[in-house]
Amino acid sequence: QVQLVEFGGGLVQAGGSHRLSCTASGSIFSINAMGWYRQAPGKQRELVATITSGGSTNYADSVQGRFTISRDNAENTVYLQMNSLKPEDTAVYYCNGRFKITGTSGTYIYWGQGTQVTVSS
């Protein structure tokens with residue numbers, strides 16, 4: 001009922017910048033928080049950053065001060081601006097969101113398919 005599509009993965013040099021975007025579509029009545037997570041090879045998926053519908057943000061300590069999450073509520077899109085990238089930022093990045101679906105009660109979490117970000121040293 002909701003599809004999330006990430007854009008912007010690729011190969012980046014250490015110290016460089018890159019931006020990811022994720023757009024939600026489907027039977028969306030409203031969106032609560034949206035976020036970015038990542039999973040490196042052999043590791044568990046971990047939180048990168050979240051943003052509420054009101055714009056409050058939360059970051060993992062490892063990206064605080066380097067990454068910025070933002071969202072465009074009108075376009076159902078969340079962004080992740082990544083600066084000062086490090087090789088340890090290499091991972092598959094996933095976006096997610098908590099959605100209220102038109103015609104239903106409650107809220108539901110949906111995930112994107114993920115996009116690979118590789119930071120070369």
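Since this is a predicted model, take the numbers as computed values, not measurements.
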Problem - Within residues 39-79 or reaching into it, pairs that qualify as disulfide (SG to SG under 2.5 Å) - sequence neighbours excluded - result: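 Listed once each, the pairs would be none.
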Completion exercise
Residue set satisfying ring pair (Phe, Tyr, Trp, His ring centres under 6.0 Å) with Y94, at least two apart, ordered chain then number -> none
Handout entry: Minimum side-chain heavy-atom gap V78-I51 below 4.5 Å
Key = yes
Practice task
Using the ring pair (Phe, Tyr, Trp, His ring centres under 6.0 Å) rule, collect all pairs that involve residues 30-57, keeping only residues at least two apart or in two chains.
Solution key: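 Matches after skipping sequence neighbours: Y37-W111.
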Practice task
Name all pairs fulfilling the ring pair (Phe, Tyr, Trp, His ring centres under 6.0 Å) condition that reach into residues 38-61, sequence neighbours left out, sorted by first residue then second.
Solution key: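 For residues 38-61, and leaving out neighbouring residues, there are no ring pair (Phe, Tyr, Trp, His ring centres under 6.0 Å) pairs at all.
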Problem - Residue pairs passing the salt bridge (Lys or Arg N to Asp or Glu O under 4.0 Å) test where at least one lies in residues 64-77, sequence neighbours excluded - result: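 Residue pairs with at least one partner in residues 64-77: R66-D89.
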Practice task
For residues 109-121, pull every pair meeting salt bridge (Lys or Arg N to Asp or Glu O under 4.0 Å), keeping only residues two or more places apart or in separate chains.
Solution key: none
From [X] atom [atom1] to [Y] atom [atom2], the distance as rounded to the nearest 0.5 Å:
| X | Y | atom1 | atom2 | answer |
| --- | --- | --- | --- | --- |
| Q39 | Y93 | CD | OH | 12.0 Å |
| L85 | S121 | CG | OG | 13.0 Å |
| Q113 | Q3 | CD | CD | 11.0 Å |
| N58 | T50 | CG | OG1 | 4.5 Å |

Identify each donor-acceptor pair in which a side-chain atom of residues 97-104 lies under 3.5 Å from a protein atom, sequence neighbours left out, and give them as a table.
residue, atom, partner, partner atom, Å
R98, NH1, T107, OG1, 3.1
K100, NZ, T104, O, 2.9
T104, OG1, I101, O, 2.9

Donor-acceptor list for residues 7-34 side chains, cut-off 3.5 Å, not counting sequence neighbours:
residue, atom, partner, partner atom, Å
S17, OG, N83, OD1, 2.9
H18, NE2, G8, O, 2.2
T23, OG1, T77, OG1, 2.9

Problem - T90 to A40 - nearest heavy-atom pair and separation - result: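 So the two residues come closest at O-CB, 3.7 Å.
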Exercise for the section: Output, in order, the C-alpha distance, side-chain angles, deciding distance and verdict of side chain to side chain contact (heavy atoms under 4.5 Å, CB included) for Q1 and Y110. Expected result: CA-CA 9 Å; Q1 289 175 304; Y110 288 86; 3.6 Å; yes
Handout entry: Stepwise side chain to side chain contact (heavy atoms under 4.5 Å, CB included) check, L80 with F67
Key = CA-CA 7 Å; L80 185 68; F67 290 11; 4.2 Å; yes
Problem - Residues in side-chain hydrogen bond (donor to acceptor under 3.5 Å, both in side chains) contact with E46, at least two apart in sequence or another chain - result: R38
Practice task
Could you list the residues that satisfy side-chain hydrogen bond (donor to acceptor under 3.5 Å, both in side chains) with T57, not counting sequence neighbours?
Solution key: none
Exercise for the section: Establish, from distance only, whether the side-chain atoms of Q116 and T118 form a donor-acceptor pair under 3.5 Å. Expected result: yes
